[in-house]
Amino acid sequence: MCFSMTKTLHALIFDVDGTLADTERDGHRVAFNEAFVALGLGWEWDVAFYGELLAVAGGRERLLHFMQRHDVNVPIGQRDELVKTVHRIKTEAYARLMREGAIAWRPGVLRLLEEAHSRGLTLAIATTTTRSNVDVLLEQAPVEGIASWFSTIAAAEDFSIKKPDPGVYRCVLERLALAGSECIAIEDSQAGFEAARAAGIGTVVTVNDYTRSHDFTGALSVVSDLGESGQPARHVGGMPLERDCVDVQQLERWHHLLR
Ligand code: XBP
Ligand code: MG
């Protein structure tokens, strides 16, 4: 008889921005631009330029980086205060955009969450965004009570250094009392993938327009999205996709093959 020490898959840990929904281009970017207008700053971040700024995780950090790298007429001593003001207005604008239904959930996310929840897998969120942004997204989900499905949500307020630092994933693992090897992370960006990997968590990546050129070497699998019935996911890299959609059985198989 053969005994093995293979670990069971216990939890799925989801990133938010770019993974649950394409919030960056039509959500965060638009909200920043609204704040710039409200404050008469005369700045506008277009879609391509915002893609470059996404190299810096976190809205406040991104804005400070922008001011440091570009010829903006704001004295250095006033920048931290301006970042706070812009971010407050931006966060309000983001919530309004979400309530207006500006952003749809990405294909297959709600399907996979429903399946995983019904099969008793632990669900969690690990994001660098502000907690209220997560709450408003979950409130707007077309599935009642979805927020209660998540055993823990770690957001910007819960750790000090943002992705690719593994702090947010370590925070989730500690709260769940699980090892990285018992979980799979679902991410969309290189920074997110590196954060999960550094916490010892195998990662499935769903790329988007901002992240498809990122380096995901070492990810369990890289796919176009999680796939819906009639709208199959496309395999991009890593372990092969053996069905039309990324479902719990496929995740368990990738997780098993990793060990
Ligand atoms: C993505 C981010 C976020 C948002 C902005 O995080 O970098 O910071 O762009 O949100 P993730 P805030 O993909 O890890 O969810 O302005 O609230 O920081
Ligand atoms: Mg992301």
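Both counts, for ligands and for their atoms, begin at 1 and track the order of listing.
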Less than 4.5 Å apart, any side-chain heavy atom of C183 and any of L173?
yes

For a quick check: using heavy atoms under 4.0 Å, what are the residues in contact with ligand 1, sorted by chain and number?
D15, V16, D17, E24, H28, Y50, A57, G58, G59, R62, H87, K90, T127, T128, T129, T130, N133, K163

Kindly indicate whether a cation-pi arrangement holds for K90 with Y94, taking the cut-offs as under 6.0 Å to the six-membered ring centre and within 45° of the axis.
yes

Whether H117 and W149 hold their rings parallel, tilted or perpendicular, with breakpoints at 30° and 60°
parallel

Please work out which of the three classes, parallel, tilted or perpendicular, describes the rings of F49 and F66, given edges at 30° and 60°.
perpendicular

Salt bridge D15-K163, side-chain N to carboxylate O under 4.0 Å:
yes

Ion pair D209/R212, N-O distance below 4.0 Å
yes

Write the atom name of the N, O or S atom in D15 that is nearest the Mg ion (ligand 2).
OD2

What's the atom name of the N, O or S in D188 nearest to the Mg ion (ligand 2)?
OD1

Is the distance from the Mg ion (ligand 2) to some N, O or S atom of D17 under 2.8 Å?
yes

T211, T217, V207 screened by side-chain contact (heavy atoms from CB on, under 4.5 Å) with V222, the one that passes
V207

